[in-house]
Engineer: 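Attaching a single structure in structure tokens format; questions to follow.
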Protein chains: 2
Amino acid sequence: MVTMNDVARLAGVSKMTVSNVVNNRAGVSDPVRRRVLEAIRQSGYRVNLSARTLKSGRTGIIGLAVPEIRSPYFGHLAAHVIDEAAQRGFHVAIEQTGAAAAGEIEAIAHSHTLHFDGLILSAVELDRADPRLAGTGYPIVMLGEQDFGGRFDHVAMPNEEGTKAATAHLIDQGCRRIAIVTGSALKGVNVVTRRYQGYLAALAERGLEPDPALLFTIDKLTMEAGRAAAHRLAGPGREVDGVVAVTDTVAQGVLRGLADRGLRVPGDIRVVGFDDIPEAEFMVPSLSTVAPDHRWMAEKAVELLTGRMSAPGRETGEYTAPFELRIRESST
Amino acid sequence: MVTMNDVARLAGVSKMTVSNVVNNRAGVSDPVRRRVLEAIRQSGYRVNLSARTLKSGRTGIIGLAVPEIRSPYFGHLAAHVIDEAAQRGFHVAIEQTGAAAAGEIEAIAHSHTLHFDGLILSAVELDRADPRLAGTGYPIVMLGEQDFGGRFDHVAMPNEEGTKAATAHLIDQGCRRIAIVTGSALKGVNVVTRRYQGYLAALAERGLEPDPALLFTIDKLTMEAGRAAAHRLAGPGREVDGVVAVTDTVAQGVLRGLADRGLRVPGDIRVVGFDDIPEAEFMVPSLSTVAPDHRWMAEKAVELLTGRMSAPGRETGEYTAPFELRIRESST
DNA sequence: TTGTAAGCGTTATCAG
DNA sequence: CTGATAACGCTTACAA
């Protein structure tokens, strides 16, 4: 491996001068600078980040923990975070939590152990009351899902408002028996409960009675589970004319499950999702959905994290992404 | 920050003994080991990876460069690579190349600069003849797409065989005017040309004449482009009864585009894709596709890369993933 | 403007 | 079995 010493010898200067050139510091004469740069080019020298890190105590790496990178929503989000971090000179190492509290705790420990400069955690199961969350002052930004009650910087989804708008839209389209397909964790404050609240709020506002028979819970927020829920929902004697799916991925499963049963969307049943994944526009029928501003979220999360790195004691903030309701075929 | 020294002082032993305990090395008496472990627990000590890296010269990080992490295919692949690397004690840092040769070259340089232990590169544009590819002995494994003629370890897709099987399947279903929707880079040896060859081979084997009017090229392998191609393809006087799409993502666009034009799949036109992304099963209609063994590919890539790290001089190998043809609604 | 010395936290080596 | 010492490549502080 080519080191600074090698370059220094080649250029006939000291290690320190090479360091100064590499870091664009003032106080190096032009001829010397040129000689050093030439030596660097010739030798193919590259700074050793580990060595630099050892001195500075920073790795330049941000951890990003998501349930599953393969899911379109998190892939999409990750892409934005990577871009945004790159702009601020950080690299992103991705961790998969498997959508389980244990995985989420582990991601924190891991990020810590690897001395990442901070962690953006998209937690979906971890509870604000989890004892393993003992605050260590390590920079963590919670992204999008659970609510941790002011304990961490938090970039939230417009869970309640968005679902309320989507549900109201279905009502406006004439739906009267609107099912919701959502996760089974209906306690606590999390993405599932918040969106459920939004659904209830829209019903209440429009004077519709919530019907327990219209609540379809699933264990995992996957396409498979959405499909299975649609099968249950399309069973005899339900008379459902609208479906609010907790995520677009679930909605995609619902669309598929309704097709399995020969039900037409939007003819027989209208469907809305949440997230606006890139695929939503290309589904058949195209999916109406709540579109939070993903880029905004990624920017905010990275901004908060870098802010916290430099000012660890700062008060935590809570930010909710703006959203639009994108109306497509599935609800019109 | 808690260091080994702190732990050593706390346990009343030397730094070296702590190191031995941390690394599970033999030659530490049980009582001392216990004392040290207790001191580690109390102090919250974590090894400093940078320091270890500085000594060992290895970072424990593998770079993974893909065109776009948000695309389902690459997200899926990345998930497998991350899992497989984790099993071998490596972390994965993801780089996005934007599906451009410049981005791919940059990913190599970047991986180098950051002293990642190696790079898995899913190149789609970089040419085997690119002068910037001057061999430096840095461990690189090419994944899935371009063919680099023995210059690198290469885990290839079954491009030709897979597309041939898919096309033959359409013919067996009675299709006679089979269009192909593929990229515009029809020169050189790459994913587009290889799959086109497979398409031609199937036609030849079944005695069908290739018709230039049935070749629809697109600039980027996206859903949008697939949709636009479907619109062209469904124009007046084409009489197309089958479509081979170069990837599932493109196929999803094609399905959407055909729906736009009121054509029914498989009633009017049959469609097959390539990749078997998780969404394929949930499209409406569900998509018939070539399913390469993604896990196998990820395993092989990581295995080759770690192999090359320990034996840099070894001959390069070329491996092609096994595949299955998954027949679903879109072609039956 | 350039160079020298010390040390970041860890581990390999070798002595006790 | 345990410990002292010297690196790994770089940067900070200071001296020339």
Engineer: Using a heavy-atom cut-off of 4.0 Å across all strands, would you classify A/V47 as base, sugar-phosphate, or nothing?
Structural biologist: sugar-phosphate
Engineer: Under 4.0 Å, heavy atoms only, any strand: does A/N5 hit a base, just the sugar-phosphate, or nothing?
Structural biologist: nothing
Engineer: If only side-chain N and O atoms of A/R52 are considered, is one of them under 4.0 Å from the OP1 or OP2 phosphate oxygen of D/dT11?
Structural biologist: yes
Engineer: Under 4.0 Å, counting only non-hydrogen atoms across every strand here, what does A/N20 touch: a base, just sugar-phosphate, or nothing?
Structural biologist: nothing
Engineer: Is the shortest heavy-atom distance from the side chain of B/Y45 to the side chain of B/V22 under 4.5 Å?
Structural biologist: yes
Engineer: Strictly below 4.0 Å, N to O, side chains only: are B/R41 and B/E38 in salt-bridge contact?
Structural biologist: yes
Engineer: Give me the bend of the helix from C/dT1-D/dA16 to C/dG16-D/dC1, using the axes of the five pairs at each end, rounded to 10°.
Structural biologist: 40°
Engineer: How many angstroms lie between OH in B/Y138 and NE2 in B/H115, if you round to the nearest 0.5 Å?
Structural biologist: 9.0 Å
Engineer: Does B/S50 or A/A26 map to a spot on DNA chain C nearer the 5' end, using the closest nucleotide for each?
Structural biologist: A/A26
Engineer: Can you find a donor-acceptor N/O pair under 3.5 angstrom joining the side chain of B/K55 to the base of D/dA7?
Structural biologist: yes
Engineer: Does a side-chain N or O from B/S14 land closer than 4.0 Å to OP1 or OP2 of D/dG3, or not?
Structural biologist: yes
Engineer: So, is A/R25 close to the D/dT12 phosphate, meaning a side-chain N or O under 4.0 Å from OP1 or OP2?
Structural biologist: yes
Engineer: How are the rings of B/H80 and B/H294 set to each other: parallel, tilted or perpendicular (split at 30° and 60°)?
Structural biologist: parallel
Engineer: Decide whether A/S19 and A/R25 meet the rule of one side-chain donor and one side-chain acceptor closer than 3.5 Å.
Structural biologist: yes
Engineer: Check whether any side-chain N or O of B/S29 sits under 4.0 Å from OP1 or OP2 of D/dT2, and answer yes or no.
Structural biologist: yes
Engineer: Please identify the 5'-most and 3'-most nucleotides of DNA chain C with any atom under 4.0 angstrom from a heavy atom of chain B.
Structural biologist: C/dG9 to C/dT13
Engineer: Nearest whole Å is fine: how far is D/dA15 C1' from A/M16 CE?
Structural biologist: 14 Å
